[in-house]
Each structure stands twice: as structure tokens, then as C-alpha cells.
Amino acid sequence: MDYKNTLNLPETAFPMKANLPIKELEILKFWEDKDIYNKILESRKNSNMFVLHDGPPYANGHIHMGTALNKILKDMVIKSKTMMGYSSPYVPGWDCHGLPIEHNVEKEYGVMDKAKTRKACRDYATKFIDIQKQEFKRLGVLGQWDKPYLTMSYDYEATIYKEFLEFLNNGYVYESKKPVHWCMSCKTSLALAEIEYEEDKSISIYVKFDFISDLGSEDKKFLGKAVSAVIWTTTPWTLPANLAVAVGPDIDYVFVQVKEREVLLVAKELCDKLMEKFEIKDAQIIKETKGKDLEGYELAHPFYDRISKMILSEYVNLEVGTGLVHTAPGHGEEDYEVGLKYNLSIYSPVDEDGRFTQDVQYFAGEHVFKANEKIIELLKKNGMLLKEEEIVHSYPHCWRCKKPVIFKATKQWFISLEKNDLRSKALEEIKKVQWIPKSGQNRIYAMVENRPDWCISRQRAWGVPIALFRCKKCGRIVKDKEILDFTAKSIEQFGADVWFEKDNVYFLPKDYKCECGSQDFEKVEDILDVWFDSGVSHKAVLYNKIKWPADMYLEGSDQHRGWFHSSLLESVGTLGKAPYKSVLTHGFVVDAKGRKMSKSLGNVIAPQSIIEKYGADILRLWACATDYREDIKLSNEIMTRLIEGYRKIRNTIRFLLGNLSDFYKERSLKYEDLEEIDKWILAELENLKEKLFKAYENYEFHLIYQNVTNFCINTLSSFYLDILKDTLYCDSLNSKKRLSAQTAMKEVLDVLIKFLAPILSFTAEEAYQLNKPEKESVHMEYFVPTIDKYKNEPLREKWSLISKIRLSVLKALELAREQKYIGNSLEADVYLNSNNSLVKSILFDERINLADIFIVSHVFCKSIDNALVDYTDETLGLIVKVTKAIGEKCDRCWKFDESVSKNENHLCKRCQEVINEQRLKF
RNA sequence: GGGCCUGUAGCUCAGCUGGUUAGAGCACUGUGCUGAUAACGCAGGGGUCAGUGGUUCAAGUCCACUCAGGCCCA
């Protein structure tokens, strides 16, 4: 007879197949309809706060794996903090200004006036904010999505401007020249993103710079000889602006005698090649020296009556040239940097059309590219040209007009790092912040320590203007408080557009005069660096609003130079403190081989494709399972493995739910009344909880995945739950043993669901709703606190030994199975014997049922002859013998027992009793 | 080229302050069950710990270099 429907088999609405792509949409709707985010905050309104401040992604394009990872990690931090009892609001933001948007707008609509460009940029940003918002929400990230912060909102723009004024009024801000890419035909400066590199033919020349310094007085070898340093350049037109010659401090140089009275200085390594090039035979090295010993010598400019200094630069390399580098601080990035160090002037005597200014001897009014030839002529005439040759190299071109660009120094606005000790204060603050991982501290420290002053101006349209007036006559900047305050107020009211839309008369009081008496003013039209925009977010979003400083900033490790950096300088500059207490960084998403994802490599995986195929919880599990502090690999195999892991967790939850369907709180037993095995699982659970708490506290999410998976597989699935099945299915609904099991299982399920909620946010919610929920959403819950009563190390040790004994028995059973003596382990009886006292104490312990634990029909602690299998475990001192089970197979529980043959229903004693009890009920 | 960092089984990760034959889960192979069933159990194979050299009685664990990769800068 089939007794299947007399069993208490698991029953649940929690399906084995998750169907996440569909199910998640329902859950999203549930969260939104019930306004769960705000209810969570409401439930924590009297709690301590933990504020993770969102770094604003750029409102451009769809989200990619990196942004998805970042948002998921943030969400896991916030949800876990919430479940620890904190009030942890999440205000997402977007970075809206800046060149990439302006660039795309210009590509689409062509060049427009500022007002139109700004309007189009605003629309463009708005569009992508909406797109990204939907994509972020789909990841399961809960937050204040209806009221995000936008760097282009009027009040935020006003904050940017006001913060700039703080810097201005505290004396940090100054104007100075700096070389930028300059298009001579568009007459505009260009950002890096607007530069296209193309192969170009160019002239390159080797030029002599004579030593003025008298080397003969130092070393007789030089007496009566003309000594020259040899440089190489591909831009002869920058020679008029030459102010120095740079050498590498650790590079070896040689003085080579080439004629009776002529000596050249070149890098040792390149010497032979150069002599060949210059067609010099019989060159003789007369002296060797390190670059650092050359510092400070004076050279003569090759055609002007001017000194060119010998300086040191780390940028010098030996790939091309002579190892000595012509340096014009007004015409090159590196030249500029090193020029600042040596206090050279940023000399750039070229106008916006690319013509030399009037003060340039020989070449005034000449276009720089045309001047190239004339300069070479002059050098030839002076005898300073050693060699001239054509080369092909990649040269920057304007993305718009495709013409070659030049480096030209233009006036820019800076924030000084030395004023008010900004740099040293920032460095001190860095030391106070908790950097996770620790190496982040070194990284940002080195950057702040070495960076030049902050160039905050851009010659673009889409941004917050440096809204200041300049006297056209004397150049003075208007700093009157009323005028600046009025401007700030206007921006707050109308947005930064007001600066471009209204005339001077709107901002300046009637009859306003400059100190010099002039009434003629011009607007500064430069806009602020977007890093300044996002750098003030702590002020715009947190300060005097939520909580300041933030407890955490969490971004990719590239932000050490980016947002962490600009926020730090901004905050230290105006408030004297870092805006964050801790900074957590994650690595970058790479492919299976550890290479970065790029379109050209064709290895890009979009988050959308994973969500559509597998669901956001799988993506979340991925973010959790890998150690994000390093690079995070993503591949099809990794996804497949994660899906397996997900299924294991899901099925464990499903089994627990199924076996608790008839259970409710009132039926739970007191801890003291639990079976030993159930006390044991609670002790194991306590151990797991401790690990999980620690992992959440240290933000080591991958340990949560590892621990939970191992617990589900080893502790639950293959041991505890497997053993429990007989009790759960076959015992009476009211049996103490079964209620004891359910009491423990309920606790286990609770812990799993709640501790997984920050990670598998959808699945946890689904399970929570089916498990007789106490709150509206699992995300309003708290982590299950540690319960001291459940801790029980001796019990854990005892059961660890039981588990070892079990493994030996399973091994013996496997041997019997291989020989086809048994199939199902219930077909076997086990005989045990041990000379180990500890093992023996287990064998004869009456509180545990070994037959249950081994899932066999009977266990006898004695010896027997003629066993089918005889297995000895040396380390335990245990002898295991296996025989066919005595008695017949009970039709209901499938255990073998001698009572079965005597029973008219072919049932064992236990099952007959359960059936009797069930009949009584109906 | 410089700064910061990484490299343990096919995949994801453990391996504490250097100390027994390097661990786990998944995957793989074999197998049992068919009352967690596109599930569950059991058993098994698989690693010269990126490479080379060094320190040490002893190195995956410390040092140097090399190779591969990532972020930032040049």
C-alpha cells in the first residue's frame, strides 16, 4: 500500500525555479507601491545614523558593469547597516555638467550659442538621469529616487558658486598662465577629449646650446674648448620660448670631444647613435657625469641673448632625442610642471591666431608653423644646427576642424594648495580617515603631496560660471560682497544660466565704479572644473542637512584622484575637515583573463543582459561573492557557477519553508526541551551568525557568500536536514521530536533570510513574505541578534566527532553499495566497535540516535561475524561492519524492522502509531 | 617610465604573527535514491601556491628580480 499521503511532505509556494527576471519586477512594484524605502527610514527615525554619501555618476549613456557594481555594493552596505539598526538614508546623485555632455550635444546639433547649448545640455542630462535611474532601481537598490541630488539643480549650482566664493574670499584663488591645447583655427582651448591624434610628417632638429658657465675652471679638460648641450625637438617654433634644458637626474651623460676645440654633451647611451647621425668620426669621451650633477649650469639661447638654465626633470627619457630636453614652460605640459618647480616664467608669446607677438625678435607676426623654416635658417646661419631630418609621429589635432593644434599658455584660475596650508591640512586629514583597503591612504597621500595647484577654470559653456566681473581698464576683479551675494542669489533663483542671459546692469549697482574709476566691466565667462562641482556635494547634500561628515564614501579606486581628492580639498578648504570618516574602494570589472572590458577587445558584458537572462539577484550575488577590493572578474563561467550557488541557497530555503508550512510560533518548544541535535544546530547557527556579523562589519561580503554556502551545503543539506527528514516526514505532527526540529529550523530560516537580505534582496523578500512575516518588508527587519544561550562549544565539539564517525560509516556503506549489497542506506544495519574512549562514549550516549544520524535501519554497538563489509578507521580507532538490515521494510517510512512482519498493514511500530493517531483526528 | 595593487586546483575564495602529506564550495567523473526531483545524498580525480634567485633548521607565508594583469599619472 502507498502511504505517501499520510506523510508530512514539504509544501511551499516558493518555487524551485526562481524565474527572477519576472519575479523581481513584481517585488520592485511591491516596494514602490508600499513606499518601503520611506517606511524603513521612518522605522529608524530615532536611531543612530550611518550615512553613505553617493558619488554622482556622470549623466551620460547607459549604466555599465562598473556603475552597477558600485551601486550594488552601496546598497549592500546601506541595507546591512539598516539591519544592524542604523538609520541609513540613501540619496543618489548625478554629475550633470561638463564636456562629454557638451561634446555630444555639439556632435548632434553643431555649434550653437551658449544659451542654446546650455539648454540642450540640460535636456541631454535630464534624459540620461531618467534612463540611469530606471536601470539603478532595477538592480534592487532602494533609495530616495524621487528626490536625487543633481549638480545642475539651481540650489546645487548656487552652492557650487558660493563654495567658490569661499575660496575666493579666503585668498586661495589666483589667476595664472598654463599651457592648454589650443586650436588656432577655432581660436579656442581644447580639452583632452577633444583631441584626435593623427600621423603627421614633421621636421625634427638637433640644436646646440652653448655653455656659458666656464667648465674649464672646474676641469682642465675643458680649457679653451667650446662646450654645447645638444637637444632635439620636433617643434622648432617653440624655441623662441625656450627657457631651460632638462636632463634626467639618474641618467648618465658624456662630454664628447668632436673637434679640436668643440665638445658636445649628450646621454651616454645614445652617444654612438648620435655621432653616427651627425657624421662625426673619432669622437672621444672626455668626461662622464650624472644628470643631477649638471643642474644649475647656464646655457646660451641659440639665437637670443638670453640664459637657458640646465634643470632636472623626471620626465626625461632615452627613447628618442639626445637625453637633453628643450623646455618651454609655456608650450608643454611637462615643461610647465618642471617650469613651476624652477620658478621659470610661463612664457608663451603666441596670439590666439597662432602668430608670434610683437615682442618676438625676428619672427613677430609670423604664424608659428611658417616660422619653423625661418628658425631653422637662423640656426643654420648661427652654426647651432647639428642635424635636420623628417619624421612621422602622431600629433594632436582638433576634433572639430581636424587641423593640428598647439600648446599655448592661457590665463586660468587656480586654487593654491599652499595658501592657508591647504595641502598640509589635507594631508593631516587623510591620516585621520579610515581607508579600506589600507593602501588607499598611500595612494591619495602621494597624490595630494605631489599635485600642482588646482586649475579650476575651463573655457566651455556647460557648467557653473566663475561669475565675476573684471574691470576692463585695470583688470581688477570685483569682489564687493553685495554684488557677489546678489549673483549667488540670482543663481539660486534662476540657475547659472542667469550669468549668461543677463547683462552687466542686472548684476552691478547703478553707477558702480572700479577703484581705478572705470565703469567698464566685462564678465568672466570661464566655467568651473566639474570636479569642483562634485567636490562640493558634501556641502550641498549633507552639511546642515543629513549629517556631516559622511560615514563613508564608496567608489572605484580611480576616484583617489577624482572625487575623493576633489571632495577632500574642497572640504578642507572651506570647513577644515575631510568630508568622510571612511573611504571604501573597489576594483574594476575585468574579463576572465583579467583584462579590462573594452569595446575594442569585444569582451564587454552589459548588466542589462545578465538581469534579463538571470535576474538582478544573480548580479548582486556576483558583487558579493568576489573580493571587490581587487579586480573583479566576470565571465560566462563565473555566472554559471554563481547560478549554481544561488540554486543551492534557494533550495535550502525552499526545503526549510516547505517543512515549516504547518508550523507557527506558538508551537515552538522551549530551548531546554529541544533534542540534542537541534540544540547543536542552534550552536552552529550562532557560530555562523558571529562570522556573518564580522563579515558585514568589515565589509567582507565575499565571506558571507562562502560561509552561507558552506553552511547550507555541509551543515544543513548533507547533515542536519538529511537526518531530520525521517522525523519531519514520518513522525506525528504533534511529536516532540518533530516540533523540536521545526523550532530550530524556523530559527535557521530566519537567520538565512535576514542575513541574505542585503545581498539577495529580491529572493529574501520573496521568502520572507512566505514565512509568516512580522514586518511589511524584510528590509525593515533587523539582523537576528546573537543569543548567548544557544552558544555551546562543547556540543559543537561533540557533534564534530559524531560527524567524523558518520563519515566512516558512510564510507563503509559506500563499500557495501559498490558491491551491490545495498542501494538505499536504510537497507543496512551497522555494527560499531571502538577502543577509543571518546568514541565509545558517543556510541553509548542515550541522548543521540545513531541510526537516525547514519540514516540506516539499526545501529548495534557490538561486534558481529560474517558482515558484508568490514571497515576500520584507524584514526578514530573505530571498526564499522555493515549487514543487511534485519526485519522487513516498513511500507511507510521504508526503514527495516522486525515489527513490520507482525503488522497487518506492513508498518513498523512507530508508523502504525502515527496512523492510528491520524485516524483519530478524522 | 613613475605611484598604488594583484597573481593559491577549470571557477570563486580560506590559509592568523613562516612550522605536520596546501583547504572549502562549485564544476568534473563514478554512484545511490526517486517522499527537497530541472532537486537530494555518497565516493573519487584534480594544485612544483605565476616564475627565478635569496634569507632560514623550516616559505604559499619574509626579501630581490622577472613575467602577466588592473587603477592612476607621465
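Sequence lines set the chain letters: A, B, ... in the order given, protein chains first and strands last, and positions in each chain run from 1. All figures in this text were calculated on a predicted structure; none of them were measured in a lab.
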| task | Please work out whether the ring planes of A:Phe719 and A:Trp799 are parallel, tilted or perpendicular, with thresholds of 30° and 60°. | result | perpendicular
| said: For a quick test of reading the model: is some side-chain N or O of A:Lys596 closer than 4.0 Å to OP1 or OP2 of B:C72? | reply: no
| query | With respect to the side chain of A:Lys17, which nucleotide from B:G41, B:G35, B:A38 is positioned closest? | reply | B:A38
| message | Nearest whole Å is fine: how far is B:C4 P from A:Lys438 NZ? | response | 17 Å
| query | B:G30, B:U12, B:C40: which one has an atom nearest the side-chain heavy atoms of A:Lys725? | reply | B:C40
| request: Return the orientation label for the A:Phe564 and A:Tyr580 ring planes: parallel under 30°, perpendicular over 60°, tilted otherwise. | output: perpendicular
| request: Nearest-nucleotide wise, let me know which of A:Leu716 and A:Ala592 is further upstream toward the 5' end of RNA chain B. | output: A:Ala592
Give every donor-acceptor pair under 3.5 Å between a side-chain atom in residues 808-821 of chain A and any protein atom, sequence neighbours left out.
from	atom 1	to	atom 2	distance (Å)
A:Ser808	OG	A:Asp873	OD2	2.3
A:Glu814	OE1	A:Arg817	NH1	3.0
A:Arg817	NE	A:Gly823	O	2.8
A:Arg817	NH2	A:Gly823	O	3.3

| request: Could you tell me the separation between the NZ atom of A:Lys820 and the P atom of B:C33, rounded to a whole number of Å? | output: 8 Å
| field | Proximal nucleotide (of B:C72, B:G70, B:A36) relative to the A:Asp558 side chain | value | B:C72
| said: So A:Leu7, base contact, sugar-phosphate only, or nothing? Heavy-atom distance under 4.0 Å. | reply: base
| request: Give one of base, sugar-phosphate or nothing for A:Asn659, where a contact means two heavy atoms less than 4.0 Å apart. | output: nothing
| To the nearest angstrom, how far is A:Met16 atom CE from B:G35 atom C1'? | 13 Å
| Hey, does the side chain of A:Lys648 come within less than 4.0 Å of B:C40's phosphate (OP1/OP2), counting only N and O? | yes
| message | Of the options B:G70, B:G41, B:C13, whose atoms approach the side-chain atoms of A:Gln706 most closely? | response | B:C13
| query | A:Ser557 side chain: which of B:G32, B:C71, B:C73 is closest? | reply | B:C71
| query | Hey, which of these two, A:Lys4 or A:Gly645, hits RNA chain B nearer its 5' end, going by closest nucleotide? | reply | A:Gly645
| remark: Quick note, A:His702 side chain, CB onward, closest among B:C13, B:G25, B:G69 is B:C13
| note | Quick note, A:Arg443 side chain, CB onward, closest among B:U37, B:C4, B:G41 is B:C4
| For A:Arg641, which contact category applies under a 4.0 Å heavy-atom criterion: base, sugar-phosphate, or nothing? | base
| Considering only side-chain heavy atoms of A:Met447, which listed nucleotide, B:A39, B:C72, B:U6, is closest? | B:C72
| task | Compare the minimum distances between each of B:C11, B:G70, B:C42 and the side chain of A:Ile638, then state the nucleotide with the smallest one. | result | B:C11
| query | Expressed in angstrom and rounded to an integer, what is the separation of A:Asp591 atom CG from B:U12 atom P? | reply | 11 Å
| Sugar-phosphate only, base, or nothing, as touched by A:Glu334 at under 4.0 Å among non-hydrogen atoms | sugar-phosphate
| Any-strand Watson-Crick or G-U partner of B:G25, both distances under 3.5 Å | B:C11
| message | Among B:A27, B:G41, B:C71, which nucleotide has an atom closest to any side-chain atom of A:Asp722? | response | B:G41
| query | What nucleic acid atoms does A:Leu656 come within less than 4.0 Å of, heavy atoms only: base, sugar-phosphate, or nothing? | reply | nothing
| request: Specify whether A:Trp435 and A:His560 have parallel, tilted or perpendicular ring planes, treating 30° as the upper limit for parallel and 60° as the lower limit for perpendicular. | output: tilted
